[in-house]
Amino acid sequence: MICRRATIVLLAALIAGACCVLLLSRTSYSEQDRLSPLAGASANHPAGTDQLGRDRLVRTAAALLISLIGAVVGSLLTTMAAAGIGMLAAFGPALVGSSTMLLCDVFLALPWLFLLMMVRSALPLSTSPAASVTITFLVLAALGWPACARTIYRGALQLKNADWMLQARAQGLRTTQMVRRMVPNLVPLLVPQFLVSIPAFVMAEANLGAIGLGIGEPLPSWGGMLMEMGNSALLLQTRWIYLPVALLVTVLLLLEAVAMEA
Amino acid sequence: MKQVLTAVRWLARTVIVLLLVMAGSTLLVRFAPGYLSDAREMDARHSQPVRAELRKESARSESFASMLVSEIRGWVHGDGGISRQYGVPVSELIAPRAKMTGRLVLRSILLGWLLAVCAALLTSRAKSLVLVWQVPSTFLLAAPTAAMATVCLLWGSGGPVLVMTLLLAARDFKFLDRALRTAWHRPDILHARAQGIRCRRILCAYILPAIAPQISALASLSIATALSAIVPVEVIFDVPGLGQLAWNAALNRDLPVLLAVTLIMAMTVTIARTAPNHSMESRTV
């Protein structure tokens with residue numbers, strides 16, 4: 001319990017810190033200081049600048065918030081879709097159930113990253129950065145539901161055959177009424193699924209961005225910052241380039257700890 | 001007879017899943033918002049009506065049905081279609097790279113499993129060693145593959161095999177450790193230990209057969225994990241494999257190649273996922 005609280009407090013502190021950096025900073029994430037590209041830490045730029053002279057601390061803070069907001073929204077959508085589909089499969093006719101599970105098999109057979117690459121590569125050449133964020137996380141949400149839907153389906157089936165449910169059916173409760181009573185009982189399944197998806201989405205976005213298919217510039221993203229590390233010549237000039245990776249791993253560790261506790 | 005029926009059912013399900021994967025991927029690509037955009041549209045010399053005409057022309061020539069038919073025809077002929085970027089049959093691009101990726105995946109899976117099994121066996125018996133393995137494994141699981149690969153590349157230590165081995169070992173260790181720990185605390189195993197049966201005998205005769213289904217499921221999961229990790233690993237380490245080919249195809253909008261690689265991956269994952277279930281079913285029959 002103490003461990004869980006400490007994790008949540010640390011995570012909240014990181015988010016609050018990122019908000020403070022964005023609010024208090026005099027520069028925006030895309031503003032360039034053309035006189036000092038790749039500068040080290042200074043009073044103006046506490047974590048230095050990138051190769052285009054943009055403040056690294058501000059960009060890291062923005063990347064943290066963008067990825068977290070995107071991952072939370074995506075995860076929420078995925079969990080809701082999984083709950084709906086799982087319940088439909090459990091309460092619908094047998095044919096619907098088996099077709100839904102077949103659809104889950106199809107989605108599970110497709111490796112995420114390849115599908116994401118396929119969709120990202122087919123986007124219009126003029127996609128705006130904001131649209132690329134939305135599309136990236138929407139695609140993640142659209143691909144993330146099958147495993148969760150299977151869990152919900154199994155849980156719903158078990159509940160459907162529980163004694164109290166049989167009694168409810170015998171007393172003439174309609175399917176919609178039964179579903180309404182079942183949802184609160186599925187919350188212990190839904191919450192961990194929601195929490196597990198958040199770090200998975202953050203990681204997927206970072207991996208996609210690191211190969212140049214993630215969120216478009218000038219919006220900052222973990223993947224974009226990882227890509228910057230690919231230029232080893234830059235590392236000789238400043239060690240602050242490691243800041244985004246360190247922070248990303250910390251955030252992922254905290255998110256996974258929260259999910260594990262749940 | 002029943003075994004043959006089970007095998008036929010498994011084969012039919014696998015084929016249906018693969019056909020649906022093919023249709024689904026084609027549908028996804030065809031209706032992705034920018035599929036019909038052409039590089040020629042970026043040419044400033046073309047006026048707006050010319051660009052619109054270009055878009056209409058691509059829409060006419062590439063309806064979903066014709067795309068799917070040409071995709072299936074390509075696979076039936078064995079060439080997988082023609083690459084938009086290189087203008088050669090996709091199979092010519094895939095064949096040499098599949099070997100490279102296969103070797104990388106196989107070596108990583110074997111090494112990862114070796115490491116995970118050794119670590120899990122040690123920690124399941126000696127509680128004091130738990131933290132020594134769990135801390136690095138948790139840390140490795142939290143690091144994105146791309147970050148791990150980049151850091152390895154920058155430090156000049158380790159290559160693609162090391163990154164994938166560590167990733168797989170961390171993931172497998174987590175599950176194996178839990179399965180072995182639970183198995184060691186089962187009442188029958190405790191009883192056997194109390195009777196003085198040696199640990200090695202207990203492990204080989206009781207524990208490993210009992211957790212065999214979990215191990216086979218985990219093995220199939222390892223293949224899926226390894227295939228998902230090959231893109232960033234091959235791109236960052238510049239390994240000429242399928243992952244790098246897919247990435248290149250994605251950047252150059254070469255969708256026949258991307259579709260073909262995705263289908264190969266889907267086929268491998270489907271067979272890997274369903275084969276353990278099928279073998280278990282046949283054993284119970």
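A, B, ... follow the sequence lines: proteins, then strands. Residue 1 opens every chain.
Between chain B and the residues A:Leu248, A:Val106, A:Leu208, A:Leu255, the most heavy-atom pairs under 4.5 angstrom are made by A:Val106. Taking chain A as the reference chain and counting heavy-atom pairs below 4.5 Å, the highest number among B:Ile236, B:Val261, B:Leu258 is found for B:Leu258.
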Just list the side-chain donor-acceptor pairs under 3.5 Å for residues 225-233 of chain B, sequence neighbours left out, or say none.
{"residue": "B:Thr225", "atom": "OG1", "partner": "B:Leu221", "partner atom": "O", "Å": "2.8"}
{"residue": "B:Ser228", "atom": "OG", "partner": "B:Ala224", "partner atom": "O", "Å": "3.1"}

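Close approach to chain B, defined as a heavy atom under 4.5 Å from one of its heavy atoms, is seen in A:Met203, A:Ala206, A:Asn207 of residues 197-207 of chain A, taken by number. Near-neighbour residues of residues 61-68 of chain A relative to chain B, defined by a heavy atom under 4.5 Å from a heavy atom of that chain, are none.
If you measure heavy-atom distances from A:Val245 to chain B, the contacts under 4.5 Å come from the side chain alone. The contact between B:Leu259 and chain A is made by backbone and side chain atoms together, counting heavy-atom distances below 4.5 Å.
Residue pairs that meet the side chain to side chain donor-acceptor pair (under 3.5 Å) test with at least one member in residues 166-175 of chain B, sequence neighbours left out, are B:Trp113-B:Asp172, B:Asp172-B:Ser222.
Crowding of A:Gln158 atom CD: a count of heavy atoms from other residues, nucleotides or ligands under 6.0 Å not exceeding 12.
How far CG of A:Leu252 is from CG of B:Leu141: 10.5 Å, rounded to the nearest 0.5 Å.
Closest heavy-atom contact between A:Ile211 and B:Trp247: O-NE1, 2.6 Å. Contact detail for B:Ala142 and A:Val249: the closest heavy-atom pair is CB-O, 4.3 Å.
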